[in-house]
Amino acid sequence: MRKTLPAVLAALAVSFTPIIIPEPVNAQDQRIWSIDGYSVACQGNPIHLSPNLPDVGMARPGLILLNPYALQGMSTSHKLFVVAHECAHAIGISNEGAADCFAIRLGRDQGWFPSYVFGELIEALRYNPGDYTHAPGTVRLNAIIQCFQT
């Protein structure tokens, strides 16, 4: 029997639960990071800082890359959304919309992305033209809001 997307996302969300640890575990192979007091882990996938990354974050199965300069100035909720989105990719969710949905529902369910912080996400995405994998900003935002509400 095939699981529905919400069932799969719910099952994956359990493995991303932030845990409070004040420092990264190992400077060479980062599997747990502290972001503004929230420790994050993604099913044992390493999280590496990559200051030359051309985006805020990127991932492939088994690895998450984050640009620390691009994360500067973001709210905690926005940073955690980025990490959760990239975690979705690292655990095999290749579709951008599904990764957004995974991240926003995880934030809602775990309480680190309450509805009142949408303003920053809206500002960050609304004028984004999109690219070959990401929908244009308003389309992407509407889908993220729909996922948050369901």
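- Residues Pro46 and Gly62 share a closest heavy-atom pair of CD-O, 3.2 Å.
- For the atom pair Ile35 CD1 and Ser77 OG, the distance stands at 11.5 Å (nearest 0.5 Å).
- Residue Ser50 holds its OG atom at 7.0 Å from CG of Asn67, rounded to the nearest 0.5 Å.
- Atoms CD1 and CG, from Ile104 and Asp109 in turn, are 10.5 Å apart once rounded to the nearest 0.5 Å.
- Grouping Ile, Leu, Val, Met, Phe, Trp and Tyr residues whose side-chain heavy atoms lie under 4.5 Å apart, directly or via other members, places Leu65 in a hydrophobic cluster with Leu53, Met58, Leu63.
- Residues Ile122 and Phe81 share a single hydrophobic cluster, defined by chaining ILVMFWY side chains whose heavy atoms lie under 4.5 Å apart.
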Side-chain donor-acceptor pairs of residues 139-148 under 3.5 Å, sequence neighbours excluded:
unit_1: Arg140; atom_1: NE; unit_2: Asp100; atom_2: OD2; d: 2.6
unit_1: Arg140; atom_1: NH2; unit_2: Asp100; atom_2: OD1; d: 2.9
unit_1: Asn142; atom_1: ND2; unit_2: Thr138; atom_2: O; d: 3.2

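- Between His85 and His89, the ring-plane angle classifies as perpendicular under the 30° and 60° cut-offs.
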Yes or no on side chain to side chain contact (heavy atoms under 4.5 Å, CB included) for Asn45 and Cys87, after CA distance, side-chain angles and deciding distance?
CA-CA 8 Å; Asn45 292 298; Cys87 177; 5.6 Å; no
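- Looking at Pro129 and Pro136, their side chains never come closer than 4.5 Å, going by heavy atoms from C-beta outward.
- Checked options Val83, Val56, Asp36; the residue passing with Leu71 is Val56 (criterion: side-chain contact (heavy atoms from CB on, under 4.5 Å)).
- Here the CD-CG distance, from Glu123 to Asn128, works out to 13.0 Å after rounding to the nearest 0.5 Å.
- Hydrophobic clustering keeps Met74 apart from Tyr127 (ILVMFWY residues linked when any side-chain heavy atoms are closer than 4.5 Å, directly or through intermediates).
- The backbone N or O of Ala59 lies less than 3.5 Å from a partner atom in the side chain of Glu86, making a donor-acceptor pair.
- Contact detail for Phe102 and Ala88: the closest heavy-atom pair is CD2-CB, 3.5 Å.
- Counting non-hydrogen atoms of neighbouring residues, nucleotides and ligands closer than 6.0 angstrom, the CZ atom of Arg126 exceeds 12 such neighbours.
- Taken from CH2 in Trp112 to NE2 in His78, the straight-line distance is 10.5 Å, to the nearest 0.5 Å.
- Ile64 and Leu49 fall within a single hydrophobic cluster, where Ile, Leu, Val, Met, Phe, Trp and Tyr side chains are chained together by heavy-atom contacts under 4.5 Å.
- Taking the side-chain hydrogen bond (donor to acceptor under 3.5 Å, both in side chains) definition, one finds that Arg108 meets it with nothing, sequence neighbours left out.
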